[in-house]
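Quick note: numbers below take in every heavy atom, side chains included, and nothing from hydrogens, waters or symmetry partners. Small disclaimer: the values here were computed from a predicted structure and weren't measured.
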Amino acid sequence: MPRPSWDEYFMDITKRVACRATCLRRQVGAVLVKDKKILATGYNGAPAGLRHCEEVGCLREKLKVPRGERHELCRGIHGEQNAIIQAATFGVSIKGATIYSTHFPCVLCTKMIINAGIKRVVYNQGYPDDLSRELIRESGLDVCQIEG
């Protein structure tokens, strides 16, 4: 049995992290890695201590908001955001890290990724956000898709 590459290995872990997500629309997991060590993880769901969408429903669904639009109309925090917040909470530097995500990052997450000094994004599934793609191109962020 062949060993998975490092990217495959961390992406497999990222998919497992996504299993904790409480979003009704999509389950997203994120893992921050530096020097082949996991620094922090995150999945999408409501802020700590608040009721999750699975309990109160999805406002975006009720309003029929298309995917990739109006992120402010969601009570959840994205997986990438939660991973960055977890690292900050525990004083872990993520400058120069790679973030693995089950999905291509939205524009909100992309701006946080750029400002956090993360240098590489590895994702599995696409996400319709043209502004995110534009900011990634402009920033020179290294982005790689791993399918499967």
Mind checking whether Glu61 and Leu24 have side chains closer than 4.5 Å, heavy atoms only? no
So do Asp7 and Arg120 actually touch side chain to side chain, heavy atoms under 4.5 Å? yes
Do Val121 and Ile136 have side-chain heavy atoms sitting under 4.5 Å apart? no
Do any N or O atoms from the side chain of Thr14 and from the backbone of Thr102 form a donor-acceptor pair under 3.5 angstrom? no
Quick check: do Val65 and Leu59 have side-chain heavy atoms less than 4.5 Å from each other? no
Close side-chain approach of Phe104 and Gln145, heavy atoms under 4.5 Å: no
Verify whether one side chain among Tyr100 and Asn124 offers a donor that lies under 3.5 Å from an acceptor in the other. no
Looking at side-chain heavy atoms only, is the closest gap between Leu131 and Glu134 below 4.5 Å? yes
May I ask you to decide if Thr110's main-chain N or O and Ser132's side chain share a donor-acceptor pair within less than 3.5 Å? no
Is there side-chain contact between His71 and Asp129, with at least one heavy-atom pair below 4.5 Å? yes
Is Asn44 reaching over with its side chain to a backbone N or O of Ala21, donor-acceptor style, under 3.5 angstrom? no
Residue pair Pro47 / Ile77: nearest heavy atoms and the distance that separates them: CG-CD1, 3.9 Å
Gly45 and Thr22: which non-hydrogen atoms are nearest, and at how many Å? CA-OG1, 3.4 Å
Sub-3.5 Å donor-acceptor pair from the side chain of Arg60 to the main-chain atoms of Glu69, do we have one? yes
Evaluate Cys53 against Arg75 for side-chain contact (heavy atoms from CB on, under 4.5 Å), listing each step before the verdict. CA-CA 7 Å; Cys53 298; Arg75 68 186 295 118; 3.5 Å; yes
Under 3.5 Å, side chain of Gln86 to main-chain N/O of Thr41, donor-acceptor pair present? yes
Picking from Gln125, Glu80, His78, what satisfies side chain to side chain donor-acceptor pair (under 3.5 Å) with Ser101? Glu80
Can you tell me how the ring of Trp6 sits relative to the ring of Phe10, calling it parallel under 30°, perpendicular over 60° and tilted otherwise? parallel
To the nearest 0.5 Å, what is the distance between CD1 on Ile114 and NZ on Lys119? 10.0 Å
Are Val143 and Tyr123 close enough that some pair of their side-chain heavy atoms sits under 4.5 Å apart? yes
Keeping Lys34 on the side-chain end and Lys95 on the backbone end, is there a donor-acceptor pair under 3.5 Å? yes
